[in-house]
Amino acid sequence: MARRPLRLPRGRGEQVAAAVVACATGWLLARLAAAAWHAALRVWPWLAVGAAVAGVIGAWRILRTVRGRRMRVRALARLRLTLAELDAMDDQAFECALRDLLVRDGWTARRVGRRGDQAADVIGQDRKRGRIVLQAKHTRVAGKVGSAVMYQVKGTAGPVHGAQIAVVVTNGSFTRDARMWGERHHVYWVDRDRLRSWAEHGTSLQDLLRLPHRPARRTVLRRAA
């Protein structure tokens with residue numbers, strides 16, 4: 001049903017009634033504005049105090065977070081893990097240890113390992129080298145990692161995780177075929193001996209594996225041209 005358009009008051013009676021309603025509305029709005037102003041005058045000092053307290057608490061929390069991060073970075077800079085300690089870990093602890101070792105070496109790293117992780121347990125980022133994916137294989141000391149793991153990591157590191165570097169790390173060893181396939185297809189591997197150098201002796205992963213620097217974007221564009 002169409003709405004009726006508003007019409008102007010007709011006749012003296014309607015005009016007087018409209019004027020009375022307008023005056024009453026204006027008076028009510030003025031009273032409301034005055035009440036709000038007086039209330040603001042009474043409350044604003046408390047609001048200012050509350051805002052100041054909230055600011056101090058927020059600044060303290062930020063400082064505490066920054067200080068905690070700095071302390072963690074300093075602690076991780078001295079991180080050393082023996083092979084015996086790594087062997088005693090479960091799968092999740094092993095992944096967390098690899099993450100911390102990456103952070104020690106200057107990477108920004110996070111653990112992502114879970115069911116359906118698509119061959120990525122730890123993902124790291126470095127300004128010079130780009131993104132790295134670590135696949136952790138915690139096993140018995142005599143356990144060996146085969147070529148199938150290399151195939152899987154190669155297939156997901158770049159397309160799924162956007163990584164320029166893929167590494168498989170184990171506290172055991174690799175089969176000869178797995179090592180050869182990895183070297184041929186640029187999937188790095190860290191076996192028990194290399195893990196000792198990295199975790200226990202403190203050699204950085206980038207030095208241990210001689211990881212390349214990511215080419216500058218300008219160079220890539222020039223080559224593409």
- Query: Do you reckon F174 sits in the same ILVMFWY cluster as Y151, going by side-chain contacts under 4.5 Å, direct or chained?
  - Reply: yes
Can you check whether D105's main-chain N or O pairs, donor with acceptor, with Q206's side chain at less than 3.5 Å? yes
Flag side-chain contact, heavy atom, 4.5 Å: Y188 against L205: no
For A157 and A166, the nearest pair of non-hydrogen atoms, with its separation, is CB-CB, 3.7 Å
Between E200 and L81, is there a side-chain heavy-atom distance shorter than 4.5 Å?
no
Between the CH2 atom in W181 and the NE2 atom in H186, the distance rounded to the nearest 0.5 Å is 10.5 Å
(Q) What I'd like to find out is whether the side chain of T156 reaches to under 4.5 Å of the side chain of H161, using heavy atoms alone. (A) yes
Practice problem: Keeping the roles fixed (side chain from T170, backbone from K137), state whether a donor-acceptor pair exists under 3.5 Å. | Solution: yes
Next on the checklist: Is the shortest side-chain heavy-atom distance between T139 and N171 below 4.5 Å?
Outcome noted: yes
Check: Yes or no on side chain to side chain contact (heavy atoms under 4.5 Å, CB included) for Q135 and Q118, after CA distance, side-chain angles and deciding distance?
Finding: CA-CA 9 Å; Q135 173 70 0; Q118 299 190 75; over 6 Å; no
For A163 and V133 the tightest heavy-atom approach is CB-CG2, 3.5 Å
So CZ of R110 and SG of C96: to nearest 0.5 Å the spacing works out to 13.5 Å
Rounded to the nearest 0.5 Å, the CG atom of D121 sits from the NE2 atom of H138 at a distance of 12.0 Å
Looking only at heavy atoms, the pair that brings Q152 and A119 closest together is CG-CB, 3.8 Å
Please assess V168 against V187 for the test side chain to side chain contact (heavy atoms under 4.5 Å, CB included), listing each intermediate value before the final yes or no.
-> CA-CA 7 Å; V168 181; V187 177; 4.1 Å; yes
ask   = In the single-linkage hydrophobic clustering (I, L, V, M, F, W, Y; side-chain heavy atoms under 4.5 Å), do I123 and V153 co-cluster?
value = no
In this structure, CG of L134 is separated from CH2 of W107 (nearest 0.5 Å) by 8.5 Å
Please examine the side chains of L101 and L79, heavy atoms only from C-beta on, and report whether any two atoms are closer than 4.5 Å.
-> yes
Point to revise | Linked, directly or transitively: L209 and L98 (ILVMFWY side chains, under 4.5 Å) | key: yes
* Taking C-beta and beyond as the side chain, do R192 and D87 meet within less than 4.5 Å on heavy atoms? -> yes
Practice task
May I ask you to check whether Q125 and R131 show a side-chain donor-acceptor distance below 3.5 Å?
Solution key: yes
Worksheet item: Would you say the side chain of L86 lies within less than 4.5 Å of the side chain of L195, judging by non-hydrogen atoms?
Response: yes
Value for CZ (R184) from CE (M180), rounded to nearest 0.5 Å, stands at 6.0 Å
### Message
For R194 and L208: C-alpha separation, side-chain torsions, deciding distance, then whether side chain to side chain contact (heavy atoms under 4.5 Å, CB included) applies.
### Response
CA-CA 8 Å; R194 289 182 175 181; L208 179 67; 3.9 Å; yes
Practice problem: Walk me through it: do I132 and L102 pass the test side chain to side chain contact (heavy atoms under 4.5 Å, CB included)? | Solution: CA-CA 10 Å; I132 188 172; L102 272 186; 4.1 Å; yes
Quiz item: Are the side chain of K154 and the backbone N or O of H185 linked by a donor-acceptor pair below 3.5 Å?
Solution: yes
Determine, step by step, whether E95 and R111 satisfy the salt bridge (charged side-chain N to carboxylate O under 4.0 Å, His left out) criterion, reporting the C-alpha distance in whole Å, the side-chain angles of both residues, the deciding distance to 0.1 Å, and the verdict. CA-CA 7 Å; E95 294 166 4; R111 174 182 172 269; 2.8 Å; yes
On a heavy-atom basis, the closest approach of T175 and S147 is OG1-N, 4.2 Å
CH2 of W189 to CZ of R179, rounded to nearest 0.5 Å, is 5.5 Å
Can you find a pair of side-chain heavy atoms, one from Q164 and one from R129, that are under 4.5 Å apart? no
* Decide whether F94 and V122 are clustered together by the hydrophobic rule: side chain heavy atoms of Ile, Leu, Val, Met, Phe, Trp, Tyr closer than 4.5 Å, transitively. => yes
